[in-house]
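Quick notes on the structure that follows.
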Amino acid sequence: MAHPIPKPLRGWLLPLAVLALWWWARASGWSDSRLLVSPAEVAERGAELIASGQLWTALSASLGRNLIGFAIGAAIGLGAGALLGLSRWAERLIGPSLHTLKQISLFAWIPLLSVWFGLGETAKIAFLAIAAFFPVLLNTVEGIRSVPSELVELARVLRYSRWQLLRRVVLPAAAPSIFAGIHLGLIYAWLATLGAEYLLASGPGMGGLLVAGREHFEMDLVLVGVVVVGLVGYALNSAAGWLEARALAWRGRSVANY
């Protein structure tokens, strides 16, 4: 039996229902609070921000620092994860310290970073790098250590060098876990971007836009920011999923191709 709602539209069911309820609550007079603005007011304010360039300025600032912080954190996480995954000596030496640091709440780093780096870009980027670092680190270590021992033994029988073992066996086997960590790191970095901008309120960004709306009780501005942040997060998640699927497309091929 065919489903009455087409598959591409099923994901829109809940957002449209919430939008309809929101519109009805305002239009019917059920709530006339200043804190509940209408969807039309939010759309109008969004159009104003786009026309003035204010939205693009804030969004580009947030995305820029997000990608820089993510790139730094992911690069260090990949390097440290590979070291810990491949070296038992490194695991015994620095593993306990890293496993202790990962237990610290992400936002607990903000007071320390603000003292070290102030409230500027350096503190924000350091915070985002920390947010991206741990997911990438942990998934890289897990991926490398989960490589089946049978594959390693087979590579030794074939007399692979250490470099060939790493390139042809370890990295392909660990790639799904590594890419999952990168995917998570990108999402965590975007969430941390808003937190950093909100708590380290200095300079342009979507967090600054939300702070301005809150301080002036401009709920249309706040809701524009919330909607944009959600859409960007969805876009980043979709892009990361697409890139991950493309990069790991070889998993669907025959092992004879390798």
Side-chain angles (χ1 to χ4, degrees), residues 7-19 21-22 37 39 42-43 45-47 49-50 53-75 77 105-107 109-110 121 123-139 177-214 218-248:
K7 187 174 181 179
L9 299 180
R10 293 173 196 169
W12 289 94
L13 191 59
L14 181 59
L16 290 175
V18 171
L19 185 63
L21 180 62
W22 176 15
V37 295
V42 175
R45 187 60 180 272
L49 292 173
I50 292 172
Q54 187 179 355
L55 182 61
W56 171 245
T57 299
L59 183 57
S60 59
S62 292
L63 283 173
R65 63 175 60 100
N66 170 69
L67 294 178
I68 293 172
F70 164 73
I72 294 172
S105 171
L106 179 60
F107 287 94
W109 289 97
I110 285 185
E121 287 299 303
K124 294 175 185 175
I125 290 174
F127 181 66
L128 304 186
I130 292 172
F133 170 75
F134 284 106
V136 176
L137 168 75
L138 297 175
N139 279 271
S177 182
I178 293 173
F179 275 100
I182 293 173
H183 191 157
L184 285 174
L186 181 61
I187 301 306
Y188 286 3
W190 176 243
L191 296 176
T193 298
L194 278 299
E197 292 174 350
Y198 198 84
L199 297 173
L200 301 171
S202 175
M206 293 302 300
L209 207 67
L210 292 171
V211 169
R214 179 202 66 186
E218 297 178 0
M219 294 308 298
D220 52 352
L221 180 58
V222 172
L223 288 170
V224 168
V226 169
V227 170
V228 171
V229 166
L231 291 175
V232 172
Y234 177 80
L236 288 174
N237 184 60
S238 298
W242 181 81
L243 290 173
E244 182 179 353
R246 295 276 294 181
L248 300 179

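In this text the structure is predicted, and so the values were computed from the model without any measurement.
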Residues at least two apart in sequence or cross-chain that pass side-chain contact (heavy atoms from CB on, under 4.5 Å) with Tyr188, listed by chain then number, are Pro135, Leu184
Between Phe127 and Ala196, the two heavy atoms sitting closest are CD2-CB, 3.5 Å
Checklist entry - Could you walk me through whether Ile72 and Phe133 pass the side-chain contact (heavy atoms from CB on, under 4.5 Å) check? => result CA-CA 8 Å; Ile72 294 172; Phe133 170 75; over 6 Å; no
Contacts under 3.5 angstrom, residues 231-243 side chains, donor-acceptor by atom type, not counting sequence neighbours:
unit_1, atom_1, unit_2, atom_2, d
Asn237, OD1, His183, NE2, 2.7
Ser238, OG, Tyr234, O, 2.9

Between Leu210 and Val222, the two heavy atoms sitting closest are CD2-O, 3.4 Å
Smallest heavy-atom separation, Ala192 atom then Ala131 atom, equals CB-CB, 3.6 Å
For a side-chain contact (heavy atoms from CB on, under 4.5 Å) check, start with the C-alpha distance between Gln54 and Leu209, then their side-chain angles and the critical distance, and finish with the verdict. CA-CA 9 Å; Gln54 187 179 355; Leu209 207 67; 3.5 Å; yes
Is the side chain of Ser62 donor-acceptor paired with the backbone N or O of Gly205 at a distance under 3.5 Å, no angle test? no
Residues Pro204 and Thr57: closest non-hydrogen pair is CB-CG2, 4.4 Å
For Ile50, the side-chain contact (heavy atoms from CB on, under 4.5 Å) test, sequence neighbours excluded, returns Leu55
Between Val229 and Trp190 the two heavy atoms that sit nearest each other are O-NE1, 3.4 Å
The reported gap from NZ in Lys124 to CD1 in Ile68 (rounded to nearest 0.5 angstrom) is 12.0 Å
